[in-house]
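First up is the structure itself, then whatever we jot down about it.
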Amino acid sequence: MTQSVELSASPAATATDQWLTAFQKALTARDVDAAAALFADESFWRDIVSFTWNITTVEGPAGVADMLRATLDDVEPAGFRATEEPAEADGVITAWIAFETKVGRGSGLLRLIDGKAFTLLTTLDELKGHEEPAGVRRSNGVQHGAFRDRVTWAESREQEATELGYTVQPEVVIVGGGQGGIALGARLRQLGVPTIIIERNERPGDSWRKRYKSLALHDPVWYDHLPYIPFPDNWPVFSPKDKIGDWLEMYTRVMELNYWGSTTAKSATYDEATKTWTVVVDRAGEEVTLQPKQLVLALGASGLPVVPDIPGADRFRGEQHHSSAHPGPDRYKGKRAVVIGSNNSAHDIAAALWEAGADVTMVQRSSTHIVRSDSLMDLGVGDLYSERALAAGVTTFKADTIFASLPFRILHTFQIPVYAAIKERDQEFYDRLEQAGFDLDWGDDDSGLFLKYLRRGSGYYIDVGACELVANGDIKLAKGQVTELTEDEVVLADGTRLPADLVVYATGYGSMNQLAAGIIGQETADKVGKVWGLGSGTTKDPGPWEGELRNMWKPTAQEGLWFHGGNLALSRYYSLYLALQLKARKEGIPTPVYGQAEVHHTE
C-alpha cells in the first residue's frame, strides 16, 4: 500500500497539492467539467485498469470528460495524494501519486505544465480484500503444534497437481509457458487464482534452450527481471539463452506454478451460456479436457515462422531451415552459408557461423534499423534500467511506471532525440556499414528501436558484434529479393548467384493471430482481430490509430479471451494488471469496461 508524504512548501509541491486537491474535489462532486478543465488542451490520461477495467488513453479535456462520465459512479475515486516530493525540470513538474477506488488501491505519475495536467497515469495495484500475501500478510507456511494426519507442504502440492485439471477445474488456462505465461502464472498464484500453464516443450525454459546456441538476451539485466524474484546482483548484464532457460525452470518450481510441459492445445471453444471454455489438450499423449472460465494466449508477440515459397527450393541439395530451427553453427565449418534476412536472428546466426569457420553471405531484402548495444544501454535505457539508474533511486517499478506514463501518441517525440544522439555518437560506425552497402533506417519517423518493436515487432538489430563483420566484409553482403534456388545456389532478382551448402531463412514470423486461429478457430480469431501494433500508419502497422497495443493485456472482443506476452519487461509489468482483471472476474467484482477497442484488422 502506497503511503502519502508531507510535502515541502516548494513551488513544485504547492502546485502539485493544489492540482490534486482540485482534482479530488471535482471527482467527489462528480463535476466532470471541473475535472476536465484541469487538463491542458494537449494532454493525455493513460489508465491501466483502475478507472476503466481496460488499458486505454484518452486525450484532451474532452476525452477526460467522456471517460469520467462513464466511470465515476462505479469507480468512486478518493484520496488522490502525492507519495514523495515532486520534482521540477524544464518547466515540467513530475509527481508520484496514489489513490483509492471503490474496489482497489492505485498509484501513478502526474506531469504538470503551467498548472495543468500534461500527462496522467493511473494504475490499479491491488484489490481491497484480495491483497497478495506479502509482507505483514505473508503466510506462516506451517501450522505449529502437534496434529494427527498432518498434511505437509509437499503432500499438499502433490494433491493439487493430481486434482487440478481433472477433478478440480482451473479458473484460468494459459496457453504458452514462456516468460509471459510464467510471469502471469506467478501473479495469479499469489492472488489465489487456480491456473494451469500449458506448454508444448517438455521443460520450462526449453523455448530458449532449443534456439541456436549463440542466442543471448540483447536487453540488459536491469530491464529483464521477473515479478517477485529479481536477478541477483551478480547476474551477467546479458544473459545467455541456456542461463535464462535454467532461471525460468527454477522460477517455475519456486513460485509453485502448475506447469504442464509436453502439452499441446488442440482446440478451444467458448460456451456463451455457461461462460466457460472447453480446452482440449494433448498432455504427453493423453487427451485432457479443461474447462476454465478464462483463457489466456501467451504466445509471444508473433506467430508461425515465415518461410518464403521460393521456386527451386525442392531441388536444393544442401540444408535449408528457418532461423527458429537453426541447430547452431558447429556442423557448418567450411560450408557456404547464405542467411536470408538482416535483422536480429540473421546477424546472430551469421556471426556464429563465421566464428565456426563457415563462408557466410547475408542477403538484405529491405533496410534495417541498427543500434549498438553500448549506445542503447547508455543513451537509450541507462536513465531507467542500469546501475546508474538504481544509484539515482530509479527502481525497476519506478522505471516501468515512467515508461508506461508516456502515451504512445507522443512516445516517438521522446525517442527521436535519443536516436539522433545515438546516430551522432556512432556516425563513423554507421558510415562504415553504409560504405559496405548495408541499407540503414531509423524507423519511418526516426524514432528508432522501441517504436519499431511496438508498431511491427521487426526490422531491427541490437548490434553485439556482427555488424563489424559486415562492415569489414567478413560476412559478405548481398541485396535484393531471392527469386530461385538451384541445386547449389541462391539466385537474386538482379541475377546474382550465391553458391550455398546451407540456406537459413531468417525471415521472421507471422501474426500471433495465426497461432490463435489454430487454437480458437478462425472465426473467433477474426472476431478478436489483429494482435500487436498501434495503428500508427507506419510500415507494417496499418491504421487507424488505436492508442494502445491491439488486444494486449486487456479485454478483447471475445469474452473470456486474453492475450499476454512481449519481452521480459513488458511481461513483468503488464502481468500484474492482467492478473488483477482475471482475479476480479473470479471474485465476481463488477468490471464495466470503458473504451473497448474496435476491430479494424484480422491479421
Side-chain angles (χ1 to χ4, degrees), residues 206-219 238-245 300 302 304-308 310 313 316 318-373 433 436-440 449 453 457-482 485 489-490 492 498-510 567:
D206 276 353
S207 56
W208 286 87
R209 294 187 190 95
K210 292 184 176 181
R211 297 294 303 279
Y212 53 90
K213 77 173 192 177
S214 62
L215 177 65
L217 278 172
H218 291 177
D219 300 321
F238 301 107
S239 302
K241 70 179 183 70
D242 297 289
K243 196 171 180 69
I244 282 290
S302 55
L304 298 172
V306 172
V307 178
I310 300 174
F316 180 68
E319 186 176 345
Q320 52 185 316
H321 50 245
H322 189 266
S323 59
S324 59
H326 184 61
D330 294 346
R331 67 186 190 220
Y332 304 111
K333 181 177 182 179
K335 301 292 186 179
R336 300 165 299 179
V338 174
V339 179
I340 300 174
S342 56
N343 296 333
N344 265 336
S345 293
H347 279 85
D348 284 348
I349 291 171
L353 286 166
W354 178 87
E355 288 178 340
D359 180 292
V360 187
T361 301
M362 178 187 292
V363 178
Q364 185 179 33
R365 300 175 301 162
S366 59
S367 63
T368 306
H369 172 55
I370 303 288
V371 58
R372 293 180 64 244
S373 176
L433 273 177
F438 196 89
D439 288 336
L440 296 167
L449 175 71
Y453 175 64
S458 66
Y460 50 81
Y461 170 57
I462 300 174
D463 179 43
V464 293
C467 284
E468 182 62 29
L469 299 176
V470 175
N472 66 23
D474 286 329
I475 294 175
K476 300 168 190 170
L477 182 66
K479 295 197 297 185
Q481 299 302 314
V482 178
L485 295 185
E489 293 175 317
V490 176
L492 305 185
L498 305 172
D501 304 300
L502 167 69
V503 176
V504 179
Y505 298 103
T507 43
Y509 299 83
N567 59 27

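Residue R209 comes nearest to K241 through the heavy atom pair O-NZ, 2.6 Å, listed as atom of the first residue, atom of the second, then distance. Nearest heavy atoms, V306 versus G510: CG2-N, 3.4 Å. Residue I310 comes nearest to L485 through the heavy atom pair CG2-N, 3.9 Å, listed as atom of the first residue, atom of the second, then distance. Nearest heavy-atom pair, I340 versus V503, reported as atom, atom and distance to 0.1 Å: CD1-CG1, 3.7 Å. Shown here for I475 and A351, the closest heavy-atom pair between the two residues is CD1-N, 3.9 Å. Nearest heavy atoms, L492 versus G480: CD2-O, 4.5 Å.
Here CG of D501 is found 9.0 Å from CG of D359. Values are rounded to the nearest 0.5 Å. Put simply, CG on L449 and CD1 on I462 are 5.0 Å apart, with the number rounded to the nearest 0.5 Å. Once rounded to the nearest 0.5 Å, the distance linking OG of S373 with OH of Y461 reads 9.0 Å. Put simply, CG on L469 and CG on L477 are 12.5 Å apart, with the number rounded to the nearest 0.5 Å. Here L304 contributes atom CG and Y509 contributes atom OH; the two are 10.5 Å apart, rounded to the nearest 0.5 Å. Between H218 atom NE2 and N344 atom CG the span is 5.5 Å, to the nearest 0.5 Å.
Environment of NZ in K210: crowded, with over 12 heavy atoms of neighbouring residues, nucleotides or ligands closer than 6.0 Å.
For N343 (side chain) and T368 (main-chain N/O), no donor-acceptor pair under 3.5 Å exists by modelled atom type. Checked by atom type and distance alone, the side chain of Y453 pairs as donor or acceptor with a backbone atom of N567 at under 3.5 Å. Between the side chain of H369 and the backbone N or O of G459 there is no donor-acceptor pair closer than 3.5 Å. D242 places no side-chain N or O within 3.5 Å of a backbone atom of G245 that could act as its donor or acceptor partner. In this structure, H322 contributes its side chain and A506 its backbone to no donor-acceptor pair below 3.5 Å.
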As a quick check of understanding, evaluate side chain to side chain contact (heavy atoms under 4.5 Å, CB included) for K476 and L498, giving each step before the final call.
CA-CA 10 Å; K476 300 168 190 170; L498 305 172; over 6 Å; no
Any chance you could lay out the side chain to side chain contact (heavy atoms under 4.5 Å, CB included) test for L502 and H321, step after step, and finish with the verdict?
CA-CA 8 Å; L502 167 69; H321 50 245; 3.6 Å; yes
Checking side chain to side chain contact (heavy atoms under 4.5 Å, CB included) for the pair R211/D348: CA distance, chi angles, key distance, verdict?
CA-CA 11 Å; R211 297 294 303 279; D348 284 348; over 6 Å; no
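The side-chain heavy atoms of L353 and H326, taken from C-beta on, include a pair separated by under 4.5 Å. Between P308 and V482, the closest side-chain pair of non-hydrogen atoms is not below 4.5 Å. Using a 4.5 Å heavy-atom threshold, the side chains of V360 and Y332 count as separate. Taking the side chain as every heavy atom from C-beta outward, W208 and K243 never approach each other to under 4.5 Å. Here the side chains of K479 and S342 are not in contact, with every heavy-atom distance at 4.5 Å or above.
For F438 and H347, the gap between ring centers is short of 6.0 Å.
The pair R331-E319 meets the salt-bridge criterion, with a side-chain N (NZ, NE, NH1 or NH2) lying under 4.0 Å from an Asp/Glu carboxylate O.
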